[in-house]
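The block underneath contains the structure these notes are about, expressed in structure tokens.
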Amino acid sequence: MNELKSEEQLRSSAFTRRALLLAGGKSLLLGALAARMYYLQVVESDKYRLLSDDNRINLRLLEPPRGRILDRFGLPLAVNEHNYRVLLVPEQVNDVDDTLARLGQIIELSESDLERVRRQVGRRRGFVPITVRENLTWTQVSQVEVNAPDLPGLSIDVGQTRSYPYSAMMSHIVGYVGAVSERELTGESLLELPGFRIGKTGVEHRHEEDLRGKAGNRHLEVNAVGRVMKELERQEGEPGKDVVLTVDADLQTFAHQRMVGERSAAAVVMDVHGGEILALVSVPSFDPMPFNVGLSSAQWQALINDHETPLSNKAISGTYAPGSTFKMVTALAALEEGIGGGHSVFCPGHMVLGNHRFHCWKRYGHGKMDMRQAIEQSCDVYFYDLAKRLGIDKMADMARRLGLGEPAGIDLPGERAGVMPTRAWKLANLGEPWQGGESLIAAIGQGFVLTTPLQLAAMTARIVNGGKAVVPHLTWGLADGQGIDRRLVPQAPDIGIDPAHLKIMQDAMDGVVNGKRGTARGSKIGVAGMEMGGKTGTSQVRRISKAERDAGVVKNEDLPWRRRDHALFVGFAPVEAPRYACAVVVEHGGGGSKAAAPIAKDLLLEVQRRDPAASDPMPLVARATRNT
């Protein structure tokens with residue numbers, strides 16, 4: 001009996017120990033669970049509350065209003081307008097195709113529009129709106145709204161689109177906006193917004209960061225499938241700054257209309273003291289709006305296949321042999337080397353160097369010429385003689401001081417540097433030594449020498465402003481609604497040319513237009529106090545053979561357009577107190593006196609009548625920026 005009792009006590013003791021161990025284990029597990037719950041609910045509560053809010057609250061960016069582009073007097077050149085678009089919510093429509101068919105009876109829907117909408121209906125959630133068509137007119141909006149009861153699931157939405165009031169007249173300056181491409185994505189979330197536009201060319205591109213502004217945001221409460229339930233918070237973004245340009249829109253309009261009849265040409269008008277660009281024209285031009293709303297394949301092909309290259313800003317990127325407009329460079333280099341203005345050369349119509357004959361444009365020659373006469377009548381032989389005495393490197397040094405052979409520095413993308421050759425340049429680029437005859441043709445602006453119309457305008461400005469290295473620029477300042485941040489233009493340094501030498505050039509350029517035998521005497525300005533000086537130029541695009549010379553050189557008007565000479569003219573006004581410089585290039589226009597000088601006359605007369613550089617644009621611009 002005692003043995004049974006002892007055995008039962010052992011079993012009871014073992015059970016008690018096991019029960020205690022089990023209870024202890026359970027307590028330990030419950031303690032660990034409680035500790036974990038405490039950790040999750042108390043210690044990590046902020047983290048999980050944030051995660052919960054992330055699942056419940058959706059943060060969406062708000063596109064900021066893009067800054068405007070204004071002319072120097074506050075006239076809008078690029079603005080934002082309402083973009084009316086029709087949206088479709090698929091879940092509110094029984095038959096998408098039927099609804100689209102009904103809409104197509106009210107506004108035009110292309111097959112590509114219909115295909116795009118059908119694709120997006122299959123890919124997106126039913127409650128996500130789909131854009132059917134953008135850029136509706138007010139009439140189209142009214143028609144859709146009137147027929148709204150018969151168009152379930154369709155609604156009108158209002159966004160913003162870029163508009164260009166001056167269209168083609170300003171397109172090469174202002175540029176245009178377009179959709180963000182893959183290579184333009186920088187990681188900034190604003191750029192990834194559907195339909196977001198950025199500047200692609202011109203001022204739109206140059207001042208993209210200033211114009212873009214900063215995004216706002218809104219906090220939306222959404223359900224498990226992403227449907228928006230309500231807006232919790234909204235923070236508006238920071239609008240882009242307005243960019244105020246130095247351009248006079250009315251002068252630009254006048255210049256464009258004056259040149260619109262030319263097949264291909266460019267012109268620049270600038271203030272010789274401050275470097276402000278007042279007009280910059282390249283024709284033919286293009287309408288910037290299709291790039292914003294969507295350029296069709298046919299439109300794009302038409303633009304890029306056009307032989308007159310309307311997309312190219314010829315004023316800053318077109319490179320041309322400057323022809324006789326370069327002769328002031330050669331003359332100034334000669335004056336600096338001690339060859340005086342009285343140095344004379346007899347011109348029989350040609351010069352022989354080695355076994356080559358270099359011809360003057362005047363077949364039987366000009367006779368005896370001094371420097372002023374040679375510039376006034378554009379005698380080639382005179383400058384052949386100077387080239388033999390100087391050599392190419394001295395001419396190139398003077399050209400660079402006058403702004404040739406390197407970018408002028410304008411605040412627009414796409415500027416080209418042109419070419420100002422030297423001995424070292426030819427050896428490095430062509431692997432050949434320089435030849436003496438190449439100096440002769442460079443002295444009259446032919447051969448390897450290439451310049452842009454902008455460079456020629458800057459060159460002229462430096463000659464007539466006392467030898468100051470003004471830099472052409474388009475930006476007058478930035479405005480943000482609170483005030484105007486005027487661009488600070490550094491004082492132009494001196495280029496180190498004797499003022500007496502510059503005065504000789506100004507007098508000679510005066511003679512070109514106002515002298516009895518000047519090559520541009522037919523384009524003189526007859527208004528007292530507004531007279532212009534200048535220099536004609538004609539640059540060949542083909543070689544004239546000896547046989548053709550013997551038989552008689554074919555006139556430009558008798559040649560196919562693309563084989564005709566380029567016409568150039570550089571000018572300044574008024575002669576007594578230079579304020580404005582102008583450069584005109586007419587591609588395949590023939591002689592500079594016939595095609596380019598009359599255009600420059602009209603531009604310099606108009607800019608003096610308007611005299612924009614003498615007006616203070618600040619009050620007008622301030623008023624325009626306050627009325628945003």
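Just so it is clear, the model here is predicted, and its values are computed rather than measured. Side chains included, hydrogens not; waters and symmetry mates left out as well; all remaining heavy atoms used.
- A side-chain contact (heavy atoms from CB on, under 4.5 Å) with Gln143 holds for exactly one of Thr137, Ile106, Leu136; it is Ile106.
- Although no hydrogens or angles enter the test, the distance criterion places a donor-acceptor pair under 3.5 Å between the side chain of Arg462 and the main chain of Arg401.
- With sequence neighbours left out, the salt bridge (Lys or Arg N to Asp or Glu O under 4.0 Å) criterion links Glu111 to Arg118.
- With sequence neighbours excluded, no residue forms a salt bridge (Lys or Arg N to Asp or Glu O under 4.0 Å) with Glu606.
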Worksheet item: Can you list the steps and then say if Arg66 with Glu208 is a salt bridge (charged side-chain N to carboxylate O under 4.0 Å, His left out)?
Response: CA-CA 9 Å; Arg66 190 171 179 85; Glu208 169 59 29; 2.7 Å; yes
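- The backbone N or O of Ala408 sits nowhere less than 3.5 Å from a side-chain atom of Gln455 that would complete a donor-acceptor pair.
- Residue Glu406 qualifies as enclosed at atom CD: its count of foreign heavy atoms under 6.0 Å is above 12.
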Practice prompt. Could you please spell out the steps behind the salt bridge (charged side-chain N to carboxylate O under 4.0 Å, His left out) verdict for Asp248 and Arg72?
Written response: CA-CA 6 Å; Asp248 179 345; Arg72 67 186 294 115; 6.0 Å; no
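- For Tyr580, there are no ring pair (Phe, Tyr, Trp, His ring centres under 6.0 Å) partners, not counting sequence neighbours.
- Heavy-atom minimum distance, Ala581 versus Leu604: C-CD2, 4.4 Å.
- Gln301 CD: more than 12 foreign heavy atoms inside a 6.0 Å radius.
- Tested against Val132, the residues Asp113, Val144, Leu87, Leu103 include a single side-chain contact (heavy atoms from CB on, under 4.5 Å) partner, Leu103.
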Worksheet entry | Full working for salt bridge (charged side-chain N to carboxylate O under 4.0 Å, His left out) between Arg102 and Asp150 | CA-CA 8 Å; Arg102 292 184 188 182; Asp150 298 322; 5.2 Å; no
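- A donor-acceptor pair under 3.5 Å is formed between the side chain of His566 and the backbone N or O of His588.
- Remark: side-chain polar atoms of Arg162 are not paired, donor with acceptor, to backbone N or O of Gly199 under 3.5 angstrom.
- With a 6.0 Å radius and a threshold of 12 heavy atoms from other residues, nucleotides or ligands, Asn94 has its CG atom at or below the threshold.
- Residues Gly414 and Ser317 approach most closely at O-CB, 3.4 Å, considering heavy atoms.
- Proximity of a side-chain donor or acceptor of Thr246 to a complementary backbone N or O of Glu276 within less than 3.5 Å is not detected.
- Under the side-chain contact (heavy atoms from CB on, under 4.5 Å) criterion, Leu450 pairs with Thr319, Val419, sequence neighbours left out.
- Between Ile304 and Leu311 the shortest side-chain heavy-atom distance falls below 4.5 Å.
- Residue pairs meeting the salt bridge (Lys or Arg N to Asp or Glu O under 4.0 Å) criterion with at least one partner in residues 409-418, sequence neighbours excluded, are Asp411-Arg487.
- A 6.0 Å sphere centred on NE2 of His273 holds more than 12 heavy atoms belonging to other residues, nucleotides or ligands.
- In this structure, Ile156 and Arg85 have side chains that are not in contact, with every pair of non-hydrogen atoms separated by 4.5 Å or more.
- For the pair Arg579 (side chain) and Ala613 (backbone), a donor-acceptor distance under 3.5 Å is present.
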Worksheet item: Does the pair Thr325 and Phe569 meet the rule for a side chain to side chain contact (heavy atoms under 4.5 Å, CB included), with working shown?
Response: CA-CA 7 Å; Thr325 62; Phe569 186 84; 5.9 Å; no
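- In terms of modelled atom types and a separation under 3.5 Å, the side chain of Ser285 and the main chain of Met169 share no donor-acceptor contact.
- Here the side chains of Ser171 and Asp287 are not in contact, with every heavy-atom distance at 4.5 Å or above.
- Within the 4.5 Å cutoff, the side chain of Val489 has no heavy atoms near those of the Val471 side chain.
- The nearest pair of heavy atoms linking Pro413 to Arg206 is CD-CB, 4.1 Å.
- A donor-acceptor pair is defined here as one N or O able to donate and one able to accept, closer than 3.5 Å; no such pair exists between the side chain of Glu262 and the backbone of Met259.
- You'll find the side chain of Asn429 stays beyond 4.5 Å of the side chain of Phe448, heavy atoms only.
- At least one side-chain heavy atom of Leu603 sits under 4.5 Å from a side-chain heavy atom of Phe254.
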Discussion item. Does Arg119 form a side chain to side chain contact (heavy atoms under 4.5 Å, CB included) with Glu115? I'd like the steps, not just the answer.
Written reply: CA-CA 6 Å; Arg119 283 198 309 269; Glu115 278 300 315; 4.0 Å; yes
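- Residues Ser264 and Glu308 meet the side-chain proximity criterion, which asks for heavy atoms closer than 4.5 Å.
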Worksheet item: Between Tyr320 and Glu587, does a side chain to side chain donor-acceptor pair (under 3.5 Å) hold up when you go through it step by step?
Response: CA-CA 9 Å; Tyr320 310 90; Glu587 288 188 11; 2.7 Å; yes
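- Qualifying ring pair (Phe, Tyr, Trp, His ring centres under 6.0 Å) partners for His172, counting only residues two or more places apart in sequence or in other chains: Phe286.
- Nearest heavy atom pair, residue Leu278 against residue Asp271, reads CD1-N, 4.2 Å.
- For the pair Ser282 (side chain) and Ser312 (backbone), a donor-acceptor distance under 3.5 Å is present.
- Within the 3.5 Å criterion, the main-chain N or O of His207 finds no donor-acceptor partner in the side chain of Lys241.
- Between Arg263 and Pro284, the closest heavy-atom pair is O-CD, 3.0 Å.
- Side-chain contact check for Asp71 versus Leu245: every heavy-atom pair is 4.5 Å or farther apart.
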